[in-house]
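A short write-up of the structure that comes next.
Keep in mind that what you see is a predicted model, and the values were worked out from it rather than measured. Worth knowing before you read on, the calculation uses all heavy atoms, side chains too, and leaves out hydrogens, waters and symmetry mates.
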Amino acid sequence: MTGEPDLTPERRAADLEALAGGVDVVVVGGGVTGAGVALDAAARGLSVALLERTDLAAGTSRWSSKLVHGGLRYLAHGEVGLARESARERAVLMRTTAPHLVRALPFLVPDAAGRDVSAVGALGGRLGDAVRRSVRGGRGSLPGTRRAGAAEVARLTPAVRPGRGGAVFWDGQLTDDARLVVALARTAAAHGARVLTGARVTAVDGGEVAVEVDGAALTVRAGAVVNATGVWAQALAPGIRLAPSRGSHLVVRAGRLGDPVAALTVPLPGSRSRYVFALPQPGGLVYLGLTDEPVPGPVPDEDPVPADAEVRQLLDTVNRVLAVPLTRDDVVGSYAGLRPLVLPRSAGAGPGDATADLSRRHLLRWDGPVLSVVGGKLTTYRAMAAEAVDAVVARLGRGARRSPTARLPLVGAASPAELARVAAPARLVARYGTEAPRVAALGTEPVVGGRPETVGELRFGALAEGARSVADLLDRRVRLGLVPADRAAAVPVAESVLAGA
């Protein structure tokens, strides 16, 4: 890293002033793709401005399942190349980019769902193992698929009906998807990128980008504009055909499921490739997901919410294997995000048609000076970003031709051995890596009783991570917003931190 990563108020003011001189690349959108593009371009020596209308990870990127997955579902659809790309990128994240943010997570397919179901799960896991071993860095990165007996099932997922075994395979889990985005943006800043939230791009005219920042209008000259706005990409590229899909999750207390250590995996009735997962999270929660529902009509600016039918589907599916079924009273929160699925040019489908079987491949497309990068998955953000910047470098005729990001650790990253020696609580190391002592020094008292998030995390968000509002702090820098009751209790603390207390 070549410079200072902190997104301080003083840096924001300086970056705003510097925009008057123009940049090589304006990146529109502060999700995982946009932050990845900004880092890749800055690391290749290009001058970069990342402009995000709200906040880092304010859109789809923070509504994922928090998985860095190897693409088992792609294998079920015969997309071996996409599965290999996912497995390769998972290995890069786990070994180099963000070892502190990614851990190995066991997934259990219980015989309680049907012995034929667990057999299919085991077969899929072994195919995934073979794909993993075929990519650079994949061999040895995760344990192999195996059978588990009844006693192990009871230990891994205590809420499952007792007395039967299951199949166990492994994948990667992010500590938090929003933390990955923030780390990408701060690493881009350390390489010279100007990262500005609250900056809405209103128009692109040739090489001039019109922006509204804090109520003021300004124009930024750019050699190229990368449109990384996800489901909102059509605002800058009307010709792109998207079929947005809503993916919803429910939030339950981990204690209600016996504090599981494995992700319970139950197929949707009638499907062998779509599953509902009960995903244990750091901090005493479990997320139930994932749905795949088409979203017709204009894409809203406000956060989507799960439909009642999705809530029923998630609960009914996981309840098939639980000893004591979950009820709606067990649901303490929920969230949903919109996937920017790209319709192929030959497709006759339109918004509102089935989206579950649409490819998760991404699209790169130039419209004048605007390069749109849309689609794909969180796991493959780095590969998408590298491909996008390859196109920008070719167009501008400057910047390094090869992406360095497969070998570039993010801020806070270190080897497992180095992370084990960091003098800070393990929970903070899993979220901030080598920066955990800085966070701990800012305060270890909990924000809300019974929750692990600390006041020091809120202070660090405001001082170093560009957080400027209560929502930035509670909904993105820490994830207290996933449980509305906890969020309400945390608001006065967040307001005090923003006031400088």
R53 to W232, cation-pi by 6.0 Å centre distance and 45° axis angle: yes

Heavy-atom pair with the smallest gap, counting every atom of D40 and S403: OD2-OG, 2.5 Å

Taking every non-hydrogen atom, the tightest pair across G289 and H249: CA-CD2, 3.6 Å

Flag, side chain of T60 to backbone of L338, donor-acceptor distance under 3.5 Å: yes

Test: D330 and R328 ion pair at under 4.0 Å: no

Short N-O contact, E457 and R431, less than 4.0 angstrom: yes

Test side-chain hydrogen bond (donor to acceptor under 3.5 Å, both in side chains) applied to R11 - qualifying residues, sequence neighbours left out: none

From L242 atom CG to L341 atom CG, the distance as rounded to the nearest 0.5 Å: 8.5 Å

Contact summary for G172 and V102, nearest pair of heavy atoms: CA-CG1, 4.4 Å

Validation row: L279, K66 side chains within 4.5 angstrom (heavy atoms): no

pair D177-L378: side-chain heavy atoms closer than 4.5 Å: yes

Closest non-hydrogen atom pair between V332 and V483, with its separation: O-CG1, 3.7 Å

Short side-chain to backbone donor-acceptor contact, R401 and D390, under 3.5 Å: no

Any pair counted as ring pair (Phe, Tyr, Trp, His ring centres under 6.0 Å), so long as it reaches residues 281-307, sequence neighbours left out: Y287-Y335

Candidate list V478, V470, L480, test side chain to side chain contact (heavy atoms under 4.5 Å, CB included), partner L458, passing option: V478

Which residues share a salt bridge (charged side-chain N to carboxylate O under 4.0 Å, His left out) with E387, sequence neighbours left out: none

Test log, rule salt bridge (charged side-chain N to carboxylate O under 4.0 Å, His left out), inputs E465 and R459: CA-CA 9 Å; E465 296 183 332; R459 289 176 178 147; over 6 Å; no

Check: Y275 and L290 side chains under 4.5 Å, non-hydrogen atoms: no

Distance-only side-chain donor-acceptor flag, E52 / T197, under 3.5 Å: no

Pairwise ring pair (Phe, Tyr, Trp, His ring centres under 6.0 Å) hits with a residue in residues 16-49, at least two apart: none

V251 side chain near V331 side chain, heavy-atom distance below 4.5 Å: no

Steps toward side chain to side chain contact (heavy atoms under 4.5 Å, CB included) verdict (V37, V389): CA-CA 7 Å; V37 169; V389 179; 4.0 Å; yes

H100: ring-ring contact (aromatic ring centres under 6.0 Å, His included) partners, not counting sequence neighbours: none

Which residues share a salt bridge (charged side-chain N to carboxylate O under 4.0 Å, His left out) with D55, sequence neighbours left out: R476, R477

4.5 Å side-chain heavy-atom contact, T187 and H191: yes

Derivation and outcome, salt bridge (charged side-chain N to carboxylate O under 4.0 Å, His left out), residues D176 and R62: CA-CA 8 Å; D176 182 11; R62 68 177 162 128; over 6 Å; no

Test side-chain hydrogen bond (donor to acceptor under 3.5 Å, both in side chains) applied to R200 - qualifying residues, sequence neighbours left out: none

Validation row: Y74, H69 side chains within 4.5 angstrom (heavy atoms): yes

Carboxylate-amine/guanidinium contact D475 R487, below 4.0 Å: yes

Flag if over 12 foreign heavy atoms under 6.0 Å of CZ, R402: no

Candidates V295, V231, D292 - the one meeting side chain to side chain contact (heavy atoms under 4.5 Å, CB included) with R339: D292

For S61, all residues meeting side-chain hydrogen bond (donor to acceptor under 3.5 Å, both in side chains), sequence neighbours excluded: none

Side-chain heavy-atom pair V27, V48 within 4.5 angstrom cut-off: yes

Pairs under 3.5 angstrom only: tabulate donor-acceptor contacts from the side chains of residues 434-446 to other protein residues two or more places apart or in another chain.
| from | atom 1 | to | atom 2 | distance (Å) |
| --- | --- | --- | --- | --- |
| E435 | OE1 | R186 | NH1 | 2.7 |
| E435 | OE2 | R186 | NH2 | 3.1 |
| E435 | OE2 | R438 | NH1 | 3.3 |
| R438 | NH1 | D6 | OD1 | 3.4 |
| R438 | NH2 | D6 | OD2 | 2.9 |

Closest contact, heavy atoms only, S86 versus G70: CB-C, 3.8 Å

Set of salt bridge (charged side-chain N to carboxylate O under 4.0 Å, His left out) partners for R312, sequence neighbours left out: D308

D205, CG atom: more than 12 neighbouring heavy atoms under 6.0 Å: no

Ring pair (Phe, Tyr, Trp, His ring centres under 6.0 Å) contacts touching residues 436-478 (sequence neighbours left out): Y432-F460

Derivation of the side chain to side chain donor-acceptor pair (under 3.5 Å) call for T380 and E89: CA-CA 6 Å; T380 59; E89 293 302 313; over 6 Å; no

R221 atom CZ: more than 12 heavy-atom contacts under 6.0 Å: no

Verdict with reasoning, R382 to T405, per side chain to side chain donor-acceptor pair (under 3.5 Å): CA-CA 7 Å; R382 193 205 63 81; T405 54; 3.0 Å; yes

S47: side-chain hydrogen bond (donor to acceptor under 3.5 Å, both in side chains) partners, not counting sequence neighbours: D24

Derivation and outcome, side chain to side chain contact (heavy atoms under 4.5 Å, CB included), residues V182 and R179: CA-CA 5 Å; V182 172; R179 291 235 54 80; 4.2 Å; yes

I240 to Q234 - nearest heavy-atom pair and separation: O-NE2, 2.5 Å

L56 side, atom CG; L7 side, atom CG - distance, nearest 0.5 Å: 7.0 Å

Straight-line distance of D367 CG to L236 CG, nearest 0.5 Å: 9.5 Å

Side chain to side chain contact (heavy atoms under 4.5 Å, CB included) between V25 and V225, worked out: CA-CA 6 Å; V25 186; V225 177; over 6 Å; no

Heavy-atom check, side chain of D214 versus side chain of R12, under 4.5 Å: yes

Check ion pair R103-D171 (N to O, under 4.0 angstrom): no

